[in-house]
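Below is one structure, written out as structure tokens; comments come after it.
These numbers come from the heavy atoms of this one structure, side chains and all, not from hydrogens, waters or symmetry mates.
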Amino acid sequence: MSLADPASGTLAEPAPAPPGRTDAFTAPRIVPRRRTGQWTAAAAVLVLLALAALSVVRNDAFQWDVVADYFLTAAVLRGLGLTLWLTAVVMALGFALGTLLATMRLSANPVLRGVSWGYVWLFRSTPILVQLLFWFNIGALYPTVLGIRTVNLLSPVTVAVIGLTLHEAAYATEVVRGGILSVEKGQLEAAQSLGLGAWRRLRRIVLPQAMRAIVPPAGNMLIGTLKGTSIVSVIAVQDLLYSVQLVYHRTYQVIPLLLVATLWYVLVTSVLSVGQHYLERHYARGTAGAR
């Protein structure tokens, strides 16, 4: 289409369109990419999951009525309570000892560094079951301590707390150490310039910033500890697993009782996972990963 030139009164031809540019009326239509393979794979996975769920629900061997009968019984709830108590105590003591060992590992004193490194090396190198059995049989090495028989001093629950805590502290040491090392060196230099002591620097400057790196692996350790407490059943601690074992040894209903324990573990770990998510989001405020 020609345009009128106001200066000469003649008609002017429109300027040619720049290369690579098309008119709005002739622009090609954008067609979304077809993902036939992805949708087919997704549909196949959903069908397989539906079939698996249907087989679990309709299989009479699972005895879901027995699961419902024992899910909230007093014996199972007592075992669950002991499992939760063990998890809380072991995590608290393990991270307290792990924090101490992490500060020793970062100390300028070579003796403290060596002791911390040796502790982590020893307790991470031996299986937790071996450690529990060792502490359970400690009376063979030290029959008496301060005039008290170790058989009377160390009950199965005490042995479980000691064994799990020492094992947990070895891993907590590395988690805390990694979190401390993630704090920028400039933060420490600024705290030193303000005249803050070593303890106040750790408590007020380092640990609050290190929590962003500590919380995710610590949450995984918490869930792992909750499930790992089931190993104390081998020393007759009446946790959740041992409680259901006592029942199915009497009733011979092994599968439904194991399902009771499984459902409780799934329920509690799901709640802990939600709490971990919000805790991570709290400490990630102001960072690019916060959401």
Closest approach of [X] to [Y] (non-hydrogen atoms, all atoms of both residues):
X      : Y      : value
Ala218 : Val175 : N-CG1, 4.4 Å
Ala261 : Val244 : CB-CG2, 4.0 Å
Gly179 : Ala213 : CA-CB, 3.9 Å
Ala210 : Ser182 : CA-OG, 4.3 Å
Ser243 : Gly79  : OG-CA, 3.3 Å
Ala102 : Val176 : CB-CG1, 3.8 Å

Discussion item. Restricting to side chain to side chain donor-acceptor pair (under 3.5 Å), what partner residues turn up for Thr225, sequence neighbours left out?
Written reply: Glu168
Strictly distance-based, threshold 3.5 Å: is any side-chain N or O of [X] a donor or acceptor partner for the main-chain N or O of [Y]?
X      : Y      : answer
Tyr171 : Gly98  : no
Thr269 : Val266 : yes
Thr87  : Thr83  : yes
Gln63  : Ile255 : no
Trp264 : Phe71  : yes
Thr99  : Phe95  : yes

Going only through I, L, V, M, F, W and Y residues with side-chain contacts under 4.5 Å, is there a path from [X] to [Y]?
X      : Y      : result
Ile128 : Val130 : no
Tyr242 : Leu129 : no
Leu259 : Leu246 : no
Val66  : Tyr252 : no
Val271 : Val260 : no

Discussion item. If the test is side-chain hydrogen bond (donor to acceptor under 3.5 Å, both in side chains), which one of Gln276, His277, His282 qualifies with Glu280?
Written reply: Gln276
Response to the item:
For Thr73, the side-chain contact (heavy atoms from CB on, under 4.5 Å) test, sequence neighbours excluded, returns Tyr70, Val76
Item to complete: List the steps, then state whether side-chain contact (heavy atoms from CB on, under 4.5 Å) holds for Thr126 with Phe134.
Response: CA-CA 11 Å; Thr126 54; Phe134 178 85; over 6 Å; no
Worksheet item: Do Leu164 and Trp135 touch side chain to side chain, with heavy atoms closer than 4.5 Å?
Response: no
Worksheet item: For Tyr248, which residues count as a ring-ring contact (aromatic ring centres under 6.0 Å, His included) partner, sequence neighbours excluded?
Response: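 Here no residue qualifies.
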Discussion item. Taking atom CG as the centre, does Asn109 end up with more than 12 heavy-atom neighbours from other residues, nucleotides or ligands that are less than 6.0 angstrom away?
Written reply: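 Enclosed.
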Atom [atom1] in [X], atom [atom2] in [Y]: separation rounded to 0.5 Å?
X      : Y      : atom1 : atom2 : answer
Leu49  : Leu54  : CG    : CG    : 12.5 Å
Leu133 : Ile138 : CG    : CD1   : 12.0 Å
His167 : Thr165 : NE2   : OG1   : 11.5 Å
Leu101 : Ser107 : CG    : OG    : 12.0 Å
Leu80  : Leu72  : CG    : CG    : 10.0 Å

Fill in: salt bridge (Lys or Arg N to Asp or Glu O under 4.0 Å): pairs with one or both residues in residues 105-121, sequence neighbours excluded
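Every salt bridge (Lys or Arg N to Asp or Glu O under 4.0 Å) pair that includes a residue of residues 105-121, provided the two are not neighbours, is Arg105-Glu174.
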Worksheet item: Which salt bridge (Lys or Arg N to Asp or Glu O under 4.0 Å) pairs, counting each pair once, include a residue from residues 258-271, with sequence neighbours left out?
Response: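 Those involving residues 258-271 do not exist here.
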Worksheet item: Can you check side-chain contact (heavy atoms from CB on, under 4.5 Å) on Thr173 and Phe123, steps first, answer last?
Response: CA-CA 11 Å; Thr173 299; Phe123 283 93; over 6 Å; no
Side chains of residues 228-238: which donor-acceptor pairs under 3.5 Å do they make with residues two or more places apart or in other chains?
| unit_1 | atom_1 | unit_2 | atom_2 | d |
| --- | --- | --- | --- | --- |
| Thr229 | OG1 | Leu226 | O | 2.6 |
| Ser230 | OG | Lys227 | O | 2.7 |
| Ser233 | OG | Ser230 | O | 2.8 |

Practice prompt. Test Tyr265 against Leu240 for side-chain contact (heavy atoms from CB on, under 4.5 Å), laying out the working first.
Written response: CA-CA 9 Å; Tyr265 282 123; Leu240 177 59; 3.9 Å; yes
Discussion item. For Phe62 and Trp64, take the angle between the two ring planes, folded into 0 to 90°, and tell me which bin it lands in: parallel under 30, tilted 30 to 60, perpendicular over 60.
Written reply: parallel
Worksheet item: Checking side-chain contact (heavy atoms from CB on, under 4.5 Å) for the pair Leu106/Leu181: CA distance, chi angles, key distance, verdict?
Response: CA-CA 9 Å; Leu106 298 172; Leu181 291 176; 3.8 Å; yes
